[in-house]
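Naming convention: chains lettered A, B, ... in sequence-line order (proteins, then strands); numbering from 1 in each chain.
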Amino acid sequence: MEHISSPSAESQLQSQSQSHQNPETSAERLTNPPHQRLDFSKPVVRFAPSPTGYLHIGGARTALFNWLFAKHHGGKFLLRIEDTDRERSTDVAINAIFESLQWLELKWDEEPVFQFARATRHAEIAQNLVKEGKAYYCYCSPEELEQMRSDAMAHGLPPRYNRYWRDRDPSCAPAGVAPVIRFKAPLAGKTTILDLVQGEVELSNTQLDDMILLRADGTPTYMLSVVVDDYDMHITHIIRGDDHLTNAFRQHHLYEACGWETPRFAHIPLIHGPDGAKLSKRHGALGAEQYKEMGFLPEAMRNYLLRLGWAHGNDEIISTEQAIEWFDLSAIGRSPARFDTMKLINLNGHYIRASDNNRLLEEIRPRITKTLSEAVPDQLGGGGQAERGLALVLRGMDSLKERAKTLEELAKSAIFYVLAPTYSASDNIHATPEESIKNLDFCIQIIDGLHDCGQISQNSIETAVRGFCKDNGLKIGDFLYPVRVALTGKKISPSLFEVIEILGLKEVVARLHNYKNFLSCA
RNA sequence: GUUCCCAUCGUCUAGCGGUUAGGACAUCGCCCUUUCAAGGCGGCAACACGGGUUCGAUUCCCGUUGGGAACGCCA
C-alpha cells in the first residue's frame, strides 16, 4: 500500500530528522537521538494535557496511571504541554497543570516539552510526507467542508471530507487560497490495534478520513504533533483517555507513513458524573487545585482515583508504594466509572486520621491564620496569638482529626483553640437560658475547686464533673451542653474534659463567664 | 446518521464455567458514649433482557435494550 513506507524511505526520513536538529529548532531540546526500535521493557510514558483550562479529575487520573506505570516498570514519566491551539492555551492553565501535578506529588522526569515550540519540526515532517506522496495539499474552504459533511450525513455516511484534492493535479489549485496539508489515509482494508486496556480493536479504514496535518497558516495540528513528539520523545506506551481511541488508528497510519514504530496504546475509560453522563461543571467537575482548596489530601485523591477503574482484589486502602508495586494496565476495567464524592470524602477522612499531627497542623495553618486575621484584622501581636493557639491545636489534634473529613473541616473545628468563640442565640436550643446559666455557674464552681487543688488534668476534671453530676442527680450530657457551647462556640467538639485541660482553667472560666453574660443579655 | 466501546448491589468494584455472588462507600438498626466522630456488630441491596454453547452459565458466543465515546484548519 502506498502509505506504508519502504525501508529506504524510513532511513531517509530518520537521517533527515537528525540533520534538522539545529539550535533554531526546539527539536534540539530533545537530546534523544532518532531510534530504530522502541524498547518496551523500559517504558517511557507521557502525560500530555492541553493547557486550555484547569487539570480536571479525569486528567489527574490519566496522569496518575501514567506515573504509576512508569514507576512500576522503572521507566520514565514525561510531561508535555500540548499548546498548539494558540487561541485557547493560557499561561494560567499551564501553571494550574504544574501546580496540580505537584500537589498530587506526581513528579515528572526531565524538562516539560512545550509542543508549540516544536512546530517547525512538525511542519517539516508534513512537508516530507507531501514530497513522498503520502500527504497532499487541499484547497477546500471551511464552508465547502461543512457542505461535504452534511451531504455525507444525508446519505447515511459518516460526516467527512470527500478527498476532493487527494488525486487532483495541484495545477488546478485556485489562486490565492492557502492550502492545508492532508494525510493520505488508506482507502480500504482494516486496521487492528492491540490496546493494552481495550484489547483487540478493529476499525475499517473506510472510517478514516484524510486528516489535516498542517493548517493553512502553516501550524501543525494535534494529530501531527503528537505523533512526531511521541516519536522524538521515544514514548513507548501511550496511556490516555478512551476518547482518543479512534485517534490511535489515525496515528498508527501516520507512524507507518513516517516509517516509525507505533508505540503501544492503553485507552482508559472516561470518568462520568454521578448521573452517568460525561463529567461536566454541572456535576462540580472541579480542577484538582479546587480539591486541594476544599481540603483533600493528595494521597486520598490518589487512592480514590486509583480505585476508579482499577482494582486489586478487595483492597481499598492502598498506599502509593503498594500501588506502584501492584499497578498493571491489564487490571484496568473497560467500563466508565462515575465520580463518587462520598467515597472520596470517606477516604480523605481515613488519610487525615492516619496523618502525622505536625503535618496536619502545617496543612491547616494558613486556613486558621486567615480566619484569625479576618476576625481580628487590626490586632497588634496577632501573630503571637496565632502561635499560642496553634500550639493548643497541636495538643488537641488527636481528637480533632478523628472528626474531620477534610482539612477545611479540621481547621474549622480547631479554630476555638485559637480564637475565643462568638455566640449566637440559636446555639442554646436544649435548655432555657436560666438552666444553662445555672449549669455554667456550677461548672465555674467545679473549676474553681480544681484550681484550688491544683489538679487540672483531663482525668481530674472528668472525675470532678462526674462526681458533681452524680451528687446532684444531673445527666452529664445535659450539664455539659452549655459548657460545650461556651468553650467552643459549637455544639460539636472533642471531649470537653480534654478541651478544658488544653484550653487551661483561666481561659475556660473566662469563656464560661462570657457565655453567661451573653445568655443573661439575651 | 456512521463507527467503536461498555453493562454485577444506589456508587466503586471482586469474580476470569460449578461461590450461601465477596469487599468498600452510601444507607438503616444496635453497641460504645458528655456532643459529634471514630470503632465494633448486624440489616437492606446486584449478575439489564432474549437466544444459543455446555452436564452446568454472572462468567463463552450472538442479538435486543440501555449507556458512553469518536467523527474539527480543538486537543
Within the structure, does a side-chain N or O atom of R403(A) lie under 4.0 Å from either OP1 or OP2 of rU35(B)? no

Closest to the 5' end of RNA chain B, once R484(A) and D243(A) are matched to their nearest nucleotides, is R484(A)

- Query: Contact class for V180(A) vs. all strands (heavy atom < 4.0 Å): base, sugar-phosphate, or nothing?
  - Reply: base

Taking any heavy-atom pair under 4.0 Å as a contact, classify R334(A): base, sugar-phosphate, or nothing.
sugar-phosphate

Heavy-atom nearest pair, W165(A) first then A173(A), reads CH2-CA, 3.7 Å

In whole Å, measure the gap between the P atoms of rC44(B) and rG15(B) for me. 25 Å

Tell me if the aromatic rings of H253(A) and Y255(A) count as close, with their centers under 6.0 Å from one another.
no

Self-check item: Under 3.5 Å: donor-acceptor pair, side chain of N357(A), backbone of M397(A)
Solution: no

Notebook entry, point to check: Is any side-chain N or O of K405(A) under 3.5 Å from a base N or O of rA37(B), one able to act as donor and the other as acceptor?
Noted result: no

### Query
Distance under 6.0 Å and angle within 45° of the ring axis: does R86(A) meet both against F116(A)?
yes

If pairing means Watson-Crick or G-U wobble with both distances under 3.5 Å, then the partner of rA21(B) is none

The Watson-Crick or G-U wobble partner of rG1(B), with both key distances under 3.5 Å, is rC71(B)

From CG of L245(A) across to P of rA69(B) the rounded distance in Å is 14 Å

When rounded to whole Å, the CZ to C1' distance for the pair F183(A) and rG72(B) reads 18 Å

